[in-house]
Amino acid sequence: MTPLRTALLAASLAFALACPQGPAAEPPPPQPAQTPARAPEPWLYGPALRDSIPAGLAVRPVFELADGRHGRAEIGVAVARPGAAPRLEVWEFSQNNPRERLERVGEARELVALEGPREARGQLDAIRTAIARPGNEFVRMRGLDGEPEAIVAELQRLAAAVRDDVASPELRAQALADLTRALDDHLLFTENRLPELLAASSRELTVASREAIGERRVTVTLREPPHRLTFARTGDRWALSELKLAAPSVKAP
């Protein structure tokens, strides 16, 4: 112990002995458990998006794609309104205006039809090309919390919320945005597997087995149909990196 700390300790002890000893103070009441703080979301253009949302429409961001050299950005969003099925759309923004502020321009474009076949690619190819363009900045949240077995149950819950006609638009838009997070970029933009995942997750999913593939990949096989879902670790979350969907077995009469 340093001389300075020794002197401070001796002085504090002398002060304590010289002071009259009152009744022992009651211990402070127990504090409620603190909820762990969630990691901050990565969105850079949240204010511009919020300012552009029309009344009656629930909107949740899915990705941001910015072209800083030309003052433009494209934001992928999950949108829902009363009485209509949720959609994935691309909204365009520009700061090339007298206010030099990023503001929405043009009409919404459907990113991909949630009920369409894999060949109906919507805006996927245009977005993939823009992501690869030098100088563009792409931001997207990938992966869901929990272990792969728990994520399988979460996929089922999210799909049910997306299809729930009586659920609030806010809940349906958030569920669709979260469902896109389950897929890595390759499955979402290149293979266009979101419509299939949504359809497959709309029925009961039960995990039959789990197989670790190295330290950062896990494959779970479901009971019926025996889908195989491969998850890859991304930070502290898991994202689907491979999806092999099986047809339901037909039992003999």
Side-chain angles (χ1 to χ4, degrees), residues 49 53-54 56-65 73-92 104 106-132 138-144 151-152 154-205 222 225-231 239-248:
L49 177 61
I53 299 175
L57 188 67
V59 177
R60 298 293 184 272
V62 171
F63 66 81
E64 294 177 343
L65 179 57
E74 292 178 302
I75 301 181
V77 291
V79 303
R81 57 171 51 87
R87 287 167 42 104
L88 287 176
E89 297 180 346
V90 180
W91 291 6
E92 190 171 355
R104 185 178 170 187
E107 299 294 328
R109 310 190 308 274
E110 189 172 42
L111 176 64
V112 63
L114 297 179
E115 304 293 338
R118 291 175 65 177
E119 294 76 17
R121 299 187 55 82
Q123 294 291 309
L124 294 178
D125 293 327
I127 294 298
R128 286 178 60 228
T129 299
I131 291 172
F138 179 64
V139 175
R140 186 169 89 87
M141 296 181 70
R142 303 169 182 84
L144 298 176
I151 293 177
V152 169
E154 178 68 358
L155 294 176
Q156 186 176 332
R157 186 193 71 79
L158 293 173
V162 170
R163 296 183 181 276
D164 188 352
D165 293 338
V166 299
S168 69
E170 291 77 13
L171 179 63
R172 300 182 79 183
Q174 186 64 62
L176 180 55
D178 288 345
L179 198 61
T180 66
R181 289 177 48 190
L183 297 172
D184 70 4
D185 288 349
H186 181 74
L187 289 184
L188 180 61
F189 294 107
T190 303
E191 293 196 7
N192 188 20
R193 304 303 297 277
L194 180 62
E196 290 177 280
L197 177 65
L198 177 60
S201 302
S202 297
R203 59 182 297 163
E204 183 177 358
L205 305 177
L222 307 187
H227 304 317
R228 287 175 59 85
L229 285 66
T230 299
F231 293 86
L240 277 167
S241 61
E242 188 176 344
L243 189 61
K244 295 182 178 180
L245 300 178

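Index from 1, following the sequence. Bear in mind that the values here come from a model prediction, so they are computed numbers and not experimental data.
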R121 (side chain) donor-acceptor with F189 (main chain) under 3.5 angstrom = yes

Does R181 use its side chain to pair, donor to acceptor, with the backbone of G143 at less than 3.5 Å?
-> yes

Which pair of heavy atoms, one from L187 and one from L240, lies closest together, and at what distance?
-> CD1-O, 3.4 Å

Side-chain (E64) to main-chain (V139) donor-acceptor, under 3.5 angstrom = no

When rounded to the nearest 0.5 angstrom, what distance separates CG in L229 from CG in L243?
-> 5.0 Å

Please name the pair of heavy atoms, one in P61 and one in L49, separated by the smallest distance, quoted to 0.1 Å.
-> CB-CD2, 4.0 Å

Hey, mind stepping through L155 and L144 against side-chain contact (heavy atoms from CB on, under 4.5 Å) and telling me if it holds?
-> CA-CA 9 Å; L155 294 176; L144 298 176; 4.2 Å; yes

Could you give the distance from NE2 (H227) to NZ (K244), rounded to the nearest 0.5 Å?
-> 14.0 Å

Quick one: CG on L205 to CZ on R157, what's the gap to the nearest 0.5 Å?
-> 13.5 Å

State, yes or no, whether a side-chain contact exists between L111 and L124 at a heavy-atom distance under 4.5 Å.
-> yes

Could you tell me whether the side chain of R193 reaches within less than 4.5 Å of the side chain of L245, counting heavy atoms only?
-> yes

What closest approach, in Å, do A246 and P225 show between heavy atoms, and which atom pair accounts for it?
-> O-CB, 3.3 Å

Is there a donor-acceptor pair closer than 3.5 Å between any side-chain N or O of R172 and the backbone N or O of V166?
-> no

Working to the nearest 0.5 Å, report the span between CZ of R118 and CG of L194.
-> 12.0 Å

Heavy-atom closest contact (A130 atom, E74 atom, distance) = CB-OE1, 4.4 Å

Atom CG in L176, atom CZ in R60: separation rounded to 0.5 Å?
-> 11.5 Å

Can you check side-chain contact (heavy atoms from CB on, under 4.5 Å) on W91 and I53, steps first, answer last?
-> CA-CA 10 Å; W91 291 6; I53 299 175; 4.3 Å; yes

For V77 and L88, run side-chain contact (heavy atoms from CB on, under 4.5 Å): C-alpha distance rounded to whole Å, both residues' side-chain angles, the deciding distance at 0.1 Å, then the answer.
-> CA-CA 6 Å; V77 291; L88 287 176; over 6 Å; no

I would like to know whether E110 and Q123 meet side-chain contact (heavy atoms from CB on, under 4.5 Å); could you show each step before the answer?
-> CA-CA 7 Å; E110 189 172 42; Q123 294 291 309; over 6 Å; no

Drop me the distance from T180's OG1 to L198's CG, to the nearest 0.5 angstrom.
-> 11.5 Å

For the pair F63 and F138, name the ring-plane relationship: parallel under 30°, tilted 30 to 60°, perpendicular over 60°.
-> tilted

Sidechain N-carboxylate O distance under 4.0 Å for R128, E191 = no

Answer yes or no: are there more than 12 heavy-atom neighbours, outside R163 itself, under 6.0 Å from its atom CZ?
-> yes

Which heavy atom in N192 sits nearest to a heavy atom in P117, and how many Å separate them?
-> ND2-O, 3.7 Å

Minimal non-hydrogen separation, R140 against D184, with atom names | NH2-C, 3.2 Å

